[in-house]
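Heads up, the thing below is written out as structure tokens.
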Amino acid sequence: MIAIIKYNAGNITSVENAVRRLGYPCLVTDDIDEILRADKVIFPGVGEAKSAMIYLKERELDDVIQSLHQPVLGICLGLQLMCSHSEEGDTACFGIFDARVKKFPPGEIVPHMGWNNLSDLRSPLFAGFGKEDTVYFVHSYYAELCAQTIATCNYILPFSAAMQRDNFYATQFHPEKSGSVGENILHNFLRL
Amino acid sequence: MLKKRIIPCLDIKEGRTVKGVNFVGLRDAGDAVELAKRYVQEGADELVFLDITATVEKRKTLTELVRRVAEAINIPFTVGGGISTLEDAQAIIRAGADKISLNTSAVDNPELITGIADQFGNQCVVLAIDTKLEENGEWMVYVHGGRTPTPLRTLDWAKEGEKRGAGEILLTSMNNDGTKSGFAIDITRSVSEAVNIPVIASGGAGSLEHFADVFRETRASAALAASIFHFGEIPIPTLKHYLQEQKIPVR
């Protein structure tokens, strides 16, 4: 069973639909036992860092997520909350990845919205990813490059498009919204 | 490199697609979910669904369609048309839409932009602006599907929308819409340079060159069209191939 962590931010239905299209049973839940029992956990989200963190803390999900031993995939805000700190609402995050989350500099078009390339791929998540392939991003804050960066994207400046530490994986882009390329990345995670 | 987006727009009435020419005279162009899937296969970068149903059961029908679309496709899509309350937006987003497009309701109640942005993030709110060049040379904002003039100047309204929390602007030139004479370069350039959120150019696409022109001559991040895609006049793969040859970054 794949558990998708339910929280107050954004479009979680899309993640659920994508997992189901790949043929995996899944449930959207904030129940701690169900999350602990799952084979894999997806921690999705778009929305605002501070209110998401408050929501997770109220339900003790922040500690639960960090204690998981099965493969975990953070998506978008999920990736940012797995970093050390976010400038969005000056929010202390999990600190799984040694990177800070910053706002894109002013004067440029933000959010970074649309399809972009990836480089410096260093993970089985990207098995089958072609040189010209693109994935869909939508975000106004970015995670710095760090030792756990497994894919880099360039928009205004280079940033972490994906990260991994032990069983924790995360993508800044939306694999569930990135066509067949994204579906393949999601499938690579689900097959880990 | 971030790609310029090509976005087919599907006008929806009671679950089926229609397209107005200059906002009047509708033609049926097929089932919404099937058409959406075809566009995804062809390489559309996003889709926009604009609901023009005017019945009381509208919201239920639209929510059901959004649910079916979300199950069927794996690229982002925006839903607009008569979304006038936070509750409407919540229902559509929970059914699986990525973004909500606001037009008349944002002019009537600009707080709605902020309300949806606060709850779901700025990236969820697309401010749709129908603009018309008046005889005095001003581009003015129109509402109610282009039937009602407002005292708002297009540039002012775009900037206010950004300030209130819109994450993107969908700018449709009524003078160009349905004419196939090209996008309105001047107002698209002005708006895209006045704001720092993505602008989608809309209205007037009739040839491959029109897309290259709008991307070269303005700061637009995306271009939207309907009938030329629906009736196969410009297949999306042909358009993408052409833009690539023109050194415009596309997926």
Side-chain angles (χ1 to χ4, degrees), chain A residues 8-22 28 45-49 51-52 76-77 88 104-119 132-141 153-156 173-186, chain B residues 1-7 39-46 66-77 90 92-100 117-126 162 165-169 192-193 195-200 219-222 240 244 249-251:
Chain A
N8 60 340
N11 177 359
I12 287 175
T13 313
S14 298
V15 179
E16 187 186 358
N17 285 335
V19 172
R20 289 196 200 284
R21 277 195 298 267
L22 288 165
V28 177
V46 286
E48 197 267 327
S51 51
C76 195
L77 183 65
E88 189 175 29
F104 279 118
E108 306 284 345
I109 296 175
V110 173
H112 171 220
M113 185 185 282
W115 300 78
N116 209 332
N117 301 98
L118 301 177
S119 61
E132 299 299 321
D133 283 347
T134 52
V135 287
Y136 189 87
F137 289 87
V138 49
H139 58 123
S140 301
Y141 292 78
C153 179
N154 225 307
Y155 181 71
I156 306 174
F173 58 86
H174 288 271
E176 79 282 10
K177 285 285 156 187
S178 298
S180 55
V181 169
E183 251 166 28
N184 188 44
I185 294 168
L186 202 52
Chain B
M1 184 181 235
L2 181 64
K3 312 302 181 190
K4 299 290 186 182
R5 287 170 285 151
I6 300 298
I7 307 177
Y39 281 136
V40 173
Q41 285 165 5
E42 285 194 343
D45 296 309
E46 280 184 33
V66 170
R67 202 178 307 284
R68 284 170 56 219
V69 169
E71 281 168 8
I73 70 168
N74 53 17
I75 63 168
F77 67 98
Q90 284 168 340
I92 299 293
I93 289 172
R94 292 198 179 123
D98 298 283
K99 310 179 199 177
I100 293 293
D118 282 351
Q119 185 164 2
F120 295 103
N122 296 16
Q123 80 291 331
C124 274
V125 186
V126 181
E162 176 183 33
E168 196 169 24
I169 287 172
S192 63
E193 285 174 2
V195 297
N196 280 321
I197 52 178
V199 172
I200 305 167
R219 205 182 174 212
S221 301
K240 293 281 192 90
Q244 235 149 21
V250 288
R251 183 167 73 106

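Throughout, a chain's letter reflects where its sequence line sits, starting with A, and its residues are numbered from 1. Keep in mind that the numbers below use all heavy atoms, side chains included, and drop hydrogens, waters and symmetry copies.
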Q. In this structure, which one of A:H174, A:R21, A:E176 forms a side-chain contact (heavy atoms from CB on, under 4.5 Å) with B:N74?
A.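 It is A:R21, the one option of A:H174, A:R21, A:E176 that forms the side-chain contact (heavy atoms from CB on, under 4.5 Å) with B:N74.
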Q | Interface residue of largest heavy-atom contact number with chain A, from B:G121, B:P198, B:G167, B:A117, under 4.5 Å | A |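 Among B:G121, B:P198, B:G167, B:A117, the one with the most close pairs to chain A is B:P198.
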Q) Looking at B:L2, B:V199, B:I73, which makes the most heavy-atom pairs under 4.5 Å with chain A? A)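 Heavy-atom pairs under 4.5 Å are most numerous for B:L2.
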Quick check on [X] against chain B: is it the side chain, the backbone, both or neither that has a heavy atom closer than 4.5 Å?
X      : value
A:S140 : neither
A:N17  : side chain
A:T134 : side chain
A:H112 : side chain
A:E183 : side chain

Q) Does the side chain of B:D98 come within less than 4.5 Å of A:S14's, by heavy atoms? A)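 Yes; the side chains approach each other to less than 4.5 Å.
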Q. Do the side chains of B:D118 and A:E48 get nearer than 4.5 Å, heavy atoms only?
A.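 SC-SC contact between A:E48 and B:D118 ruled out.
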Q) Checking B:A72 against chain A: side chain, backbone, both or neither under 4.5 Å from a heavy atom? A)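 The backbone, not the side chain.
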Q: Measure distances from B:R219 to the heavy atoms of chain A and classify the residue's part below 4.5 Å as side chain, backbone, both or neither.
A: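 Both parts, backbone and side chain.
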Q | Pairing residues for A:E16 by the side-chain contact (heavy atoms from CB on, under 4.5 Å) criterion, not counting sequence neighbours | A |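 Scan of A:E16 (side-chain contact (heavy atoms from CB on, under 4.5 Å), adjacent residues dropped) gives A:I4, A:R20, A:C26, A:V28.
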Nearest heavy atoms of [X] and [Y], plus distance in Å:
X      : Y      : result
A:I109 : B:S221 : CD1-OG, 4.0 Å
B:M1   : A:N117 : N-OD1, 3.1 Å
B:G96  : A:K177 : O-NZ, 4.4 Å
B:D45  : A:W115 : O-NE1, 2.9 Å
B:A95  : A:T13  : O-CG2, 4.0 Å

Q) What's the spacing between B:R251 CZ and A:D133 CG if we round to 0.5 Å? A)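 One finds 9.5 Å between CZ of B:R251 and CG of A:D133.
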Q. NZ of B:K99 to CE of A:M113: how many Å apart, nearest 0.5 Å?
A.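 Going from NZ on B:K99 over to CE on A:M113, the span is 4.0 Å.
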